[in-house]
Every structure is written in structure tokens, then in C-alpha cells.
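Below is one structure, written out as C-alpha cells; comments come after it.
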Amino acid sequence: MRVTLIGLGGAAATLTHEAQEALERADVIVGAARLLDGLPKREKQKYFTEYKTEEIAAILERQNAESACVVFSGDTGFYSGAAALLPRLRERGYDCRVLAGLSSVQLLAARLGRSWQDWTLRSAHGVACDPVAAVLRGSPAFFLTGGAN
């Protein structure tokens, strides 16, 4: 099975053309409910609501499919669940590729009309974060947050 890990960017509207094509060809699509809700549904595709690494791998193992996509919010390389899932899938022998999406930092910087190359980037989404230390570095700071944060 070929598995494509896709960063959705900010919403389905910000998908790359390459990601849209992969989703159109997929037999199976897996992702968090809020991400799947924003995608167009196709009759012959199977959809599975899941965001945890081991559960996604288990879903894919049970499917007899040629092609699957796993969707992530934002970009697959910026504090993404893709970092944990990709090696698990490769260990299981899947042919994998990763399609990056727009990250939240890219979208924010563009909307502010600013470059972000000198920003301090930190995640406070499910990990320990010291915002004071990040801010005291003297450069603009960007914090990826979620849930209670």
C-alpha cells in the first residue's frame, strides 16, 4: 500500500494541488474528525476518524487498499503527528511519501505581512513550553497552542 501523509494547511482550501490529487486517488483517508469534515466526500472511499499514531497504523493494516492518505492540520514538518507516524509505517513496509502543507506560522506571517525567518518558534501544544525563555531571546516569538493553551 502507498501511504501519503498530507499537511492540510489551515483548511481544505489551502491544500496544494498535489495533495488534492492524492486525496482524489486514495481508497482510504484517515484523520481527525475536524479535518475529515472539511474534505469533499467521495462514494468509493473509506474514511476513518483517528489521529493517534498506533491506531492509524492499525487501521491501515486492516485495509486491503492500494492507496491511503493520512491528513494532518498545518504542515507535516512543524510539530506534526507525521513525525511519529512516518517511521512506524516505514517499519511496517509501507511505501510512504509526505506532502507538506502550509503551517500556522506561515499563514499568520502572511496575514501580518511579515517575514518569519527570525522568529523564535515553540510549541505549547501537548508539550512543556517555557514562554518566558522564548520571549527573552529578543526576537519575535510564535507559539503553537491548542486545547487549554
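Contact detail for Leu35 and Ser73: the closest heavy-atom pair is CD1-N, 3.5 Å. Contact record, Thr76 with Ala100: OG1-CA, 3.6 Å, taken as the closest heavy-atom pair. Across Leu121 and Tyr79, no two heavy atoms sit closer than the pair O-OH, 3.5 Å. Minimum interatomic distance between Ala82 and Pro87 (heavy atoms only, all atoms of both residues): O-CD, 4.4 Å. Considering every non-hydrogen atom in both Tyr47 and Pro40, the closest pair reads OH-O, 3.5 Å.
Counting heavy atoms from C-beta outward, Val3 and Val70 have side chains that approach closer than 4.5 Å. Using a 4.5 Å heavy-atom cutoff, the side chains of Ser104 and Phe78 are in contact. With a 4.5 Å cut-off on side-chain heavy atoms, Cys96 and Arg2 do not count as touching.
When atom types are taken as modelled, the side chain of Glu21 and the backbone of Glu18 share no donor-acceptor pair closer than 3.5 angstrom. Using modelled atom types, one side-chain atom of Ser139 and one backbone atom of Asp118 make a donor-acceptor pair closer than 3.5 Å. Put simply, the side chain of Lys46 never gets that close to the backbone of Ala65: no donor and acceptor are under 3.5 Å apart. In terms of modelled atom types and a separation under 3.5 Å, the side chain of Asp75 and the main chain of Leu102 share no donor-acceptor contact. Judged by distance alone, the side chain of Gln45 and the main-chain N or O of Leu23 form a donor-acceptor pair under 3.5 Å. Distance alone, capped at 3.5 Å, is enough to place a donor-acceptor pair between the Glu50 side chain and the Lys52 backbone.
Applying the 6.0 Å contact sphere to CZ of Arg97 captures more than 12 heavy atoms from other residues, nucleotides or ligands. Counted within 6.0 Å of CD on Glu66, heavy atoms from surrounding residues, nucleotides or ligands total 12 or fewer; the atom is thus considered open. Within a 6.0 Å radius of CZ in Phe143, other residues, nucleotides and ligands contribute more than 12 heavy atoms.
When each of Leu89, Leu85, Leu86 is paired with Thr53, the side chain to side chain contact (heavy atoms under 4.5 Å, CB included) condition holds for Leu85 and for no other. With respect to Phe72, the side chain to side chain contact (heavy atoms under 4.5 Å, CB included) criterion is satisfied by exactly one of Leu5, Ile6, Leu8: Leu5.
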After noting the C-alpha distance and the side-chain angles of Thr120 and Phe142, does the key distance pass the side chain to side chain contact (heavy atoms under 4.5 Å, CB included) rule?
CA-CA 6 Å; Thr120 298; Phe142 175 89; over 6 Å; no
What do the steps show when you test Met1 against Leu60 for side chain to side chain contact (heavy atoms under 4.5 Å, CB included), and what is the final call?
CA-CA 9 Å; Met1 177 188 318; Leu60 295 176; 4.2 Å; yes
Using the rule given for side chain to side chain contact (heavy atoms under 4.5 Å, CB included), can you reason through Arg88 versus Tyr94, listing the C-alpha separation, both sets of side-chain angles and the distance that settles it, and then say yes or no?
CA-CA 9 Å; Arg88 297 279 196 309; Tyr94 291 109; over 6 Å; no
Side chain to side chain contact (heavy atoms under 4.5 Å, CB included) evaluation trace for Phe48 with Glu55
CA-CA 10 Å; Phe48 296 91; Glu55 285 80 352; over 6 Å; no
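Distance CG/Leu144 to OG/Ser103: 9.0 Å, rounded to 0.5 Å. With rounding to the nearest 0.5 angstrom, the CZ atom of Arg111 is 11.5 Å from the CD atom of Gln106. Taken to the nearest 0.5 Å, the CZ atom of Arg25 stands 7.5 Å off from the OG1 atom of Thr4.
Arg92 and Glu54 are joined by a salt bridge, as a carboxylate oxygen and a charged side-chain nitrogen come within less than 4.0 angstrom of each other. Look at Arg42 and Glu24 and you find a salt bridge, because one of the NZ, NE, NH1 or NH2 atoms lies within 4.0 Å of a carboxylate O, short of that distance.
Leu39 and Val28 are not part of a single hydrophobic cluster, where members link through side-chain heavy atoms under 4.5 Å apart.
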